[in-house]
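Written below as structure tokens is the structure these notes are about.
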Protein chains: 2
Amino acid sequence: MTARTTSRRTGEAEFLAEYDPADFDRPSVTVDVVALTIRAGQLSVLLVKRGAHPFKGSWALPGGFVAMEEDLDDAAGRELAEETGLDRLPAGTHLEQLATYGRPDRDPRTRVITVAYVIFAADLPEPVAGTDAASARWWPVADLGLDLGYGDVEDAPSLAFDHAQIIRDGVERTRSKLEYSTLATAFVPSPFTIPELRRVYEATWAATSEEMDASNFRRKVLAVDDWLVEAEGTADSTGGRPARLYVAGGATRIVPPLERPRE
Amino acid sequence: MTARTTSRRTGEAEFLAEYDPADFDRPSVTVDVVALTIRAGQLSVLLVKRGAHPFKGSWALPGGFVAMEEDLDDAAGRELAEETGLDRLPAGTHLEQLATYGRPDRDPRTRVITVAYVIFAADLPEPVAGTDAASARWWPVADLGLDLGYGDVEDAPSLAFDHAQIIRDGVERTRSKLEYSTLATAFVPSPFTIPELRRVYEATWAATSEEMDASNFRRKVLAVDDWLVEAEGTADSTGGRPARLYVAGGATRIVPPLERPRE
DNA sequence: AAAATAGTGTCTCTCAGACAATATGTC
DNA sequence: GACATATTGTCTGAGAGACACTATTTT
């Protein structure tokens, strides 16, 4: 089998526009990022509105091609940084690989295999619109009409490619990781309070449990060795007794796990 | 950037031999398979001895290039079937994606991104040597000298590429999956006995717990709804009271989980 | 003082681990 | 019978969920 590539790659938008499946005899590789944060008490994901075909006008995960000498993790971080206009992601941001999606027909143009990442961060700025995207914004995952236990949704946006599945998998990974890892602290700016941390769990697990018992939550997180390290002072009052401040210690694993309520 | 591929792809061995990094401007994509089974009471992985450079003489995971119109899962199943000389994998075999490894220098020839899979199976035959492999065999993972809690090993084989890391990740995934999923039954031929199932756990978790309490194990697996369905008859005696036979029911999740002992 | 939120203490029930006792096969 | 293995039964301690109560702030 012989194949030729003749694309002049000056930028992602141009590259996509010039795409011709006949040019290639092997898959292209991209990274896509499920960037999650808590905004207004809701677990939210960053999506960009597509300005070009295919799926023009649909919403997609930020992502793009992996450069030839670039590590996959670096590519994921770079894509999110570009989309949010940051030089680099804030300290404490967590990045992990989710899965790789490679169904032959997932992109109508040609074979594209995408390595998906999940990123947890606090305080990411509003996204900046890139050259290849009409607009970008944070979407509460509850509003996406995915089958994540939030119930029916009016006016759910149309999602491009197989990104609905990727987001679903990313949310499920997040829900499950909060049970046995200390990553909830990646969602809050430091220092933080225990009630803030509890609201991370409530937002992430919202579909299965409306509210957690504050006292049991406190008992369990404080029982984890070297997770919550007491800091100086208290948070500003929000109408009641101000909460003590903590910073994250070195613990990575919650043992015994903080299990979600089973239905 | 312009690039040309001129390889005539007549087979994997020839393809590898003709590899010239200058031919390509994008990564190649392969699948690698961590095929696990219990042999002689030990968790074992299928490895092939490399007959060509690089890493000639080292042991590697079975794997190969993803065909242009082939789904990733299918490619992984195909690679294992080829290596074991089967038309298709036995019923009950479990296949799941592990992770994707894409460090730019992980293959000294050119950029190769590999999607790794874990496969759990009972009763896979001895492997057949392929054209590209001098030989192939099942290796107890305890003998590989990985840092998996088995202690030091004499004469550990040299492992190719980053396959030591991939195997480590695959074993860790397996250990963890047995806690909350019913996949242990994928390791035993059906019908099976509860002691057989227990030995799957013992082999997989061997590094952390020598023996499990048979009565507690029995109580917990039988408490899982629709996992163990009683079958007719008993197993042949192995010197004591014969064990009852069961087949796997529809359950996929163990709740509450069967936790490994924490150190 | 009333309301709101944070933090402490206590009770109960479930369940995992330890282990004793019984059942059923082979030698 | 002795022995080996499977199966059943019992006890105990740790921990999760429920919830009553106290503490500290704003209004």
Side-chain angles (χ1 to χ4, degrees), chain A residues 41 178-180 184 188 191-203 205 208-225 227-247 253-263, chain B residues 41 178-180 184 188 191-203 205 208-225 227-247 253-263:
Chain A
L178 289 200
E179 296 191 58
Y180 58 88
V188 289
F192 54 87
T193 68
I194 292 180
E196 278 168 6
L197 194 63
R198 177 166 46 81
R199 280 185 280 272
V200 171
Y201 278 88
E202 286 172 346
W205 290 349
T208 55
S209 64
E210 272 315 302
E211 275 186 31
M212 308 180 73
D213 183 285
S215 71
N216 292 336
F217 180 81
R218 180 186 174 80
R219 184 198 337 128
K220 292 198 301 196
V221 298
L222 286 177
V224 177
D225 198 40
W227 187 14
L228 300 197
V229 179
E230 208 161 326
E232 277 305 302
T234 59
D236 291 342
S237 168
T238 57
R241 175 174 174 174
R244 238 177 259 160
L245 291 172
Y246 295 84
V247 295
R253 181 167 194 169
I254 301 181
V255 41
L258 230 167
E259 287 179 271
R260 320 175 233 187
R262 316 275 171 209
E263 57 290 346
Chain B
L178 290 200
E179 296 192 60
Y180 58 88
V188 289
F192 55 87
T193 68
I194 292 180
E196 278 168 5
L197 195 62
R198 177 166 46 81
R199 279 186 279 272
V200 171
Y201 278 88
E202 286 172 348
W205 292 347
T208 54
S209 64
E210 271 315 300
E211 276 187 30
M212 309 180 73
D213 183 284
S215 70
N216 292 336
F217 180 82
R218 180 187 174 78
R219 183 194 342 126
K220 293 200 299 198
V221 297
L222 285 176
V224 177
D225 197 39
W227 186 16
L228 299 197
V229 179
E230 207 162 328
E232 277 305 302
T234 59
D236 292 341
S237 168
T238 56
R241 175 173 174 176
R244 236 176 261 160
L245 290 172
Y246 295 84
V247 295
R253 180 166 194 170
I254 301 181
V255 40
L258 231 167
E259 288 178 89
R260 322 176 231 186
R262 316 272 170 212
E263 57 288 350

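Per chain, numbering begins at 1; letters A, B, ... match sequence-line order.
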Between C:dA18 and B:Asn216, counting only base atoms on the nucleotide and side-chain atoms on the residue, is there a donor-acceptor pair under 3.5 Å? yes
Less than 4.5 Å apart, any side-chain heavy atom of B:Arg199 and any of B:Pro195? yes
What is the separation between atom CE on A:Met212 and atom P on C:dG7, rounded to the nearest whole Å? 16 Å
At less than 4.0 Å, is any side-chain N or O atom of A:Arg198 found next to OP1 or OP2 of C:dT5? Yes or no. no
Would the number of heavy atoms belonging to other residues, nucleotides or ligands and lying under 6.0 Å from CG of B:Asp225 be above 12? no
For C:dT22 and B:Arg241 - does any side-chain N or O of the residue sit under 4.0 Å from the phosphate oxygens OP1/OP2? no
If you take atom types as modelled and just measure distance, does the side chain of A:Arg219 reach the base of C:dG7 with a donor-acceptor pair under 3.5 Å? no
Between atom CZ in B:Phe217 and atom C1' in D:dT7, what is the gap in whole Å? 14 Å
Does A:Arg218 place a side-chain N or O at less than 4.0 Å from the phosphate oxygens OP1/OP2 of C:dT8? yes
Would you indicate which nucleotide in C:dC19, D:dT24, C:dA16 comes nearest to any side-chain atom of B:Pro256? C:dA16
Could you grab the distance from atom NZ of B:Lys220 to atom CZ of B:Arg218, nearest 0.5 Å is fine? 14.5 Å
Both B:Glu259 and B:Gly240 contact DNA chain C. Taking the nearest nucleotide for each, which residue is further toward the 5' end? B:Glu259
Taking atom types as they are modelled, is there a donor-acceptor pair under 3.5 Å from the base of C:dG25 to the side chain of B:Thr238? no
Identify which nucleotide among D:dT7, C:dG17, D:dA18 has an atom closest to any side-chain atom of B:Pro195, counting heavy atoms from C-beta outward. D:dT7
Distance check, rounded to the nearest 0.5 Å: B:Leu178 atom CG versus B:Glu259 atom CD? 13.5 Å
Establish whether the base of D:dG9 is bridged to the side chain of B:Ser215 by a donor-acceptor pair shorter than 3.5 Å. yes
Applying the side chain to side chain contact (heavy atoms under 4.5 Å, CB included) test to A:Tyr201, which of A:Glu179, A:Met212, A:Arg260 qualifies? A:Met212
DNA chain C: 5'-proximal contact among B:Lys220 and A:Leu245 (nearest heavy atom): A:Leu245
Rounded to whole Å, CZ of B:Arg244 lies from C1' of D:dA6 at a distance of 9 Å
